Q: 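My questions will all concern the structure given below.
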Amino acid sequence: MRSSRALVPTLKEVPADAAGPSTVFLLRGGFVRRVGAGIYSFLPLGVRVLRKVERIVREELDRAGALEVLLPALLPAEYFRETGRWDVFGDTLFRLHDRKGGDYHLGPTHEEIITDLVRREVRSYRDLPKNLYQIQTKFRDEPRPRGGLLRCREFSMKDAYSFDADEAGARQSYEAMRAAYVRVFDRLALDYRMVAADSGAMGGSGSAEFQVLVQTGEDVIAACSACSYAANLEVASTPPAPPPAAAGEVPPPERVLTPGKGSIEEVSALLGASPATFLKSLVYVAGEGLVLAVVRGDHEVNEIKLARALDVREVHLASAAEVERATGAPVGFAGPVGFRGRVVIDRDAAAVPSGITGANEVDVHLRNVVPGRDFEAPVAELRSVREGDPCPSCGAPLRLYRGIEAGHIFLLGTHYSAKMGATYLDERGEQHPLVMGCYGIGVSRLVATAVEQAHDEDGIRWPMSIAPYEVHLVQVGQEPEVVAAVAELEAALEAAGVELLVDDRDERPGVKFKDADLIGIPLRVTVGRKALEAGGVELKPRAERDPKRAERLPLAGAAAAIAARVAALRAGG
RNA sequence: CGGGGCGUAGCGCAGCCUGGUUAGCGCACUAGACUGGGGGUCUAGGGGUCGUGGGUUCGAAUCCCGCCGCCCCGACCA
């Protein structure tokens, strides 16, 4: 493709609302344009990247035995009503009506639709297992679209659904998908972790997220510095801290005045005590009632773990008014001693030999509080892991990273099939619900994710596997011998099957080089009078920052050498 | 949903507080000249319902009210 005929509208300046490197460079590089909040158009360059991601996903799913289908994006309400998700999805669902007033929505995910397809077409164990996937546009009215392409209201997603006769089969399907996902993410040249995740209210028995490690990620993941343990912070675990040295005989609790000092930081400064000796007490709304959750002063409550410990769906912090009603004191002075209501305590907090905590009285704290002696509470793991906490499987320090969830694999069990009557007959003619799994990859999100991970201050550095073109042939100058050399190279490279963008615009060299760096095609070949006089053309990988370190290739053998380099990079070199 | 902010040329912004010629600047765009290996210089141009509806006023981009859209932080997020 020649730039003179292409549509690659690069920008010097960035739209003010662009957040994060992926949005900035995809907009500036002419890959995408914003149409509305969380809604983007893909321009020719962006489409090429998107298609390459799709191709890799297709190849690996096909290799794993999955079958591609295409389900509609426009859906009648009846399917989601059948599983109750018409209500559960709430405002996240884009709803619309047809001319007759019927309820419709745009598909945010397709479990119901695929389950309906399979319950009609699959009757016998002989038809199993099946794994069906599609690459489809999904619609979710996100409460807050953000991060450009990272969280959109319309986005492209690959979703696959497996159907098996039993748990063991489903587990096999799940493992096959896990392996396929590893291949996909490896081919995309992403730095990622497969992490244990919260399986949430879906009731699944297995779940893993593919988290791409980037600074701007929305999720926090904990990964072991030594072994392969990795988990979303929501579920990451660590063994109980070793109990501190015994404090000997602890005197009875003592009231201390802490006027106006409600935070751990303030009170620890006032009393000259370490935050680790505090019993931080937070009032949560859990289901119907209020619960006091106690963690060490230097720890943070993990709401997912708390909800699990209490066996409720979710918890949230109580309002200031609720706190005051529950404790009789303003926020900052809650404590487990004398608290009228349910209390739970984290393992590490329960091991504090002599703690400081709120007295449920304004401007008063208690010291010398001994869990178990001065109050009783069930002990559970309630806190989030911190950087450096020991790994639950090997004990080495955990490291914390930010990540973007780009893939999720999930064993669903019979959640949908049972509700929707998707059953098969076994060898003995008995009817059983199909055992399902679902597997998503955020295709358009991956485009942005790759940029988040592969860029420098000048622009994108695409990996060869998803670069919009493989070689950027930059013509410098309009001299006849330059034009001829470019044409010759172009023909030879295209004949060799190299995907080529030829910058033949009548622009100054600086403009072309800046654009080339911005667009980020992995290899740049410069043809100009200077280079020709010096005996050939220049080859420079995008990753090489110093233009002086470009390689000189004699024009005669240049095409073959460049094609060989492309082949090496395609192979992951 | 709570808090904060922004809507002025394709993009980035100034002007608004303190109302008053023809609404400016940079980039981009068009034409020409020079220039020619890291976003060059000069000259001449084109391009605006100042988000929208109402109000105040002799007069509104500017003041007031409503609405819409968008961004950021938080809540939420199969």
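Letters go in sequence order (proteins before strands), and every chain restarts at 1. Quick caveat, the model's predicted, so the values are computed rather than measured. Side chains are part of it too, since the values below use all heavy atoms of this structure and drop only hydrogens, waters and symmetry mates.
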Q: Measuring only the P atom in each nucleotide, how far is B:C42 from B:C65? A whole number of Å is fine.
A: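 That atom pair is separated by 46 Å.
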Q: Using atom C1' of each nucleotide, how far apart are B:G26 and B:G15 to the nearest Å?
A: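 Their C1' atoms lie roughly 15 Å apart.
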Q: Determine the Euclidean distance between corresponding P atoms of B:U30 and B:C67; express it in Å to zero decimal places.
A: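 Taking atom P in both B:C67 and B:U30, they lie 44 Å apart.
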Q: Can you sort out the partners of A:A543 under side chain to side chain contact (heavy atoms under 4.5 Å, CB included), two or more places apart, ordered by chain and number?
A: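 Residues passing side chain to side chain contact (heavy atoms under 4.5 Å, CB included) with A:A543: A:R461.
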Q: Pairs of donor and acceptor atoms involving the side chains of residues 405-414 of chain A, under 3.5 Å and at least two apart or interchain, shall be tabulated with distances.
A:
residue: A:E405; atom: OE2; partner: A:H408; partner atom: ND1; Å: 3.0
residue: A:H408; atom: NE2; partner: A:S207; partner atom: OG; Å: 2.7

Q: Quantified in whole Å, what is the P atom distance between nucleotide B:C64 and nucleotide B:C27?
A: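 Roughly 35 Å separates the two P atoms.
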Q: Taking side chain to side chain contact (heavy atoms under 4.5 Å, CB included) as the test, write out the residues that go with A:L11, two or more places apart.
A: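 Side chain to side chain contact (heavy atoms under 4.5 Å, CB included) check on A:L11 returns A:P15, A:R28, A:R33.
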Q: Base, sugar-phosphate or nothing for A:V88? Non-hydrogen atoms, less than 4.0 Å.
A: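 The residue A:V88 makes no contact with any strand.
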Q: Would you please name every residue forming a side chain to side chain contact (heavy atoms under 4.5 Å, CB included) with A:V312, sequence neighbours left out?
A: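 If we apply the side chain to side chain contact (heavy atoms under 4.5 Å, CB included) test to A:V312, skipping adjacent residues, the hits are A:A286, A:A307, A:L310, A:V315.
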Q: Tell me whether A:E300 is salt-bridged to A:R383, with the criterion being a basic N under 4.0 Å from an acidic carboxylate O.
A: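 Between A:R383 and A:E300 there is no salt bridge, as every charged N stays at least 4.0 Å from the carboxylate O atoms.
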Q: Generate the contact string for nucleotides 35-45 of chain B. Rules: B means base contact, S means sugar-phosphate contact only, - means no protein heavy atom under 4.0 Å.
A: BBBBBB-----
Q: Tell me every residue that passes ring pair (Phe, Tyr, Trp, His ring centres under 6.0 Å) with A:F31, counting only those two or more places apart in sequence or in another chain.
A: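 Once residues adjacent in sequence are excluded, the partners of A:F31 under the ring pair (Phe, Tyr, Trp, His ring centres under 6.0 Å) criterion are A:W462.
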Q: Using atom CD of A:E142 as one end and atom C1' of B:C1 as the other, report the distance to the nearest whole Å.
A: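 Value for this atom pair: 15 Å.
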Q: Rounded to whole Å, how long is the line connecting atom CZ of A:F25 with atom C1' of B:C11?
A: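 The answer, rounded to whole Å, is 17 Å.
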Q: Can you tell me the pairing partner of B:C25 across any strand shown, Watson-Crick or G-U wobble, with both distances under 3.5 angstrom?
A: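 Pairing partner, where one exists within any strand: B:G12.
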Q: Hey, what's the ring geometry for A:Y192 with A:F185, parallel, tilted or perpendicular (30° and 60° as the breaks)?
A: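 Ring orientation of A:Y192 relative to A:F185: tilted.
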Q: Would you mind pulling out the nucleotide paired to B:G2, Watson-Crick or G-U wobble, both distances under 3.5 Å?
A: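 Across all strands, the one nucleotide that pairs with B:G2 is B:C73.
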Q: Hey, is the main chain of A:G520 close enough, under 3.5 Å, to the side chain of A:D517 for a donor-acceptor pair?
A: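 Not confirmed, A:D517 side chain does not pair with A:G520 backbone.
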Q: Could you tell me how far B:G55 sits from B:U43 if I compare only their C1' atoms? Round to whole Å.
A: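 Going atom to atom, C1' in each nucleotide, I get 48 Å.
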Q: Suppose we define a pair by two distances each less than 3.5 Å, Watson-Crick or G-U wobble; what does B:C63 pair with here?
A: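 Checking every strand shown, B:C63 finds its partner in B:G55, with both distances under 3.5 Å.
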Q: A cation-pi test, strictly: NZ or CZ of A:R85 under 6.0 Å from the centre of the six-membered ring of A:F80 and no more than 45 degrees from its axis. Yes or no?
A: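 Yes, cation above the ring, under 6.0 Å and within 45°.
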Q: For A:R565, enumerate each residue passing the side chain to side chain donor-acceptor pair (under 3.5 Å) test, keeping only those at least two apart in sequence or located in another chain.
A: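 With neighbours one apart ignored, the set is A:E551.
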Q: Mind checking the P distance from B:C25 to B:G48? Whole angstroms is fine.
A: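 Per the computed distance, 15 Å lies between those P atoms.
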Q: How close or far is atom C1' of B:C76 from atom CZ of A:R153, stated in whole angstroms?
A: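 Result: 15 Å.
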Q: Any residue in residues 29-47 of chain A with a heavy atom nearer than 4.0 angstrom to RNA chain B? Just list them by number, or reply none.
A: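 Here the set is A:R34, A:A37.
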Q: Taking atom P of B:A9 as reference, at what distance in whole Å does atom CD of A:E13 sit?
A: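 Answer to the nearest Å: 14 Å.
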Q: With rounding to the closest Å, how many angstrom separate the C1' atoms on B:U8 and B:A23?
A: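 Pairwise C1' distance, B:U8 against B:A23, rounds to 8 Å.
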Q: Would you measure the distance from the C1' atom in B:G19 across to the matching atom in B:U62 and give it in whole Å?
A: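 Result for the C1' pair: 6 Å, nearest Å.
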Q: Atom NE2 of A:H316 and atom P of B:C1: how far apart are they, to the nearest Å?
A: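 The answer, rounded to whole Å, is 17 Å.
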Q: Which whole-number value in Å describes the distance from A:L27 CG to B:G12 C1'?
A: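 Going from CG in A:L27 over to C1' in B:G12 covers 13 Å.
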Q: With a 3.5 angstrom cut-off on both distances, give the Watson-Crick or G-U wobble partner of B:C17, or none if there isn't one.
A: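 Pair assignment: B:C17 / none.
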Q: Under a 3.5 Å cut-off for both distances, is B:A31 Watson-Crick or wobble paired, and to whom?
A: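 Matched B:A31 with B:U43 under the 3.5 Å cut-off.
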Q: Give the rounded distance in Å between these two atoms: CG of A:L317 and C1' of B:G74.
A: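 One finds 12 Å between C1' of B:G74 and CG of A:L317, rounded.
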Q: Can you tell me which residue pairs pass the ring pair (Phe, Tyr, Trp, His ring centres under 6.0 Å) test with a partner in residues 2-28 of chain A, sequence neighbours excluded?
A: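 Counting only pairs at least two positions apart or across chains, the ring pair (Phe, Tyr, Trp, His ring centres under 6.0 Å) contacts touching residues 2-28 of chain A are A:F25-A:H455.
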Q: Expressed as a whole number of angstroms, how long is the span from A:R151:CZ to B:C72:P?
A: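 Going from A:R151 (CZ) to B:C72 (P), I get 12 Å.
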Q: If you pin A:G148 and A:P143 to their nearest nucleotides in RNA chain B, which one's is more 5'?
A: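 Of the two residues, A:G148 wins.
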Q: Under a 3.5 Å limit for both distances, which nucleotide forms a Watson-Crick or G-U wobble pair with B:G7, could you say?
A: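 The answer is B:C68, by the H-bond criterion.
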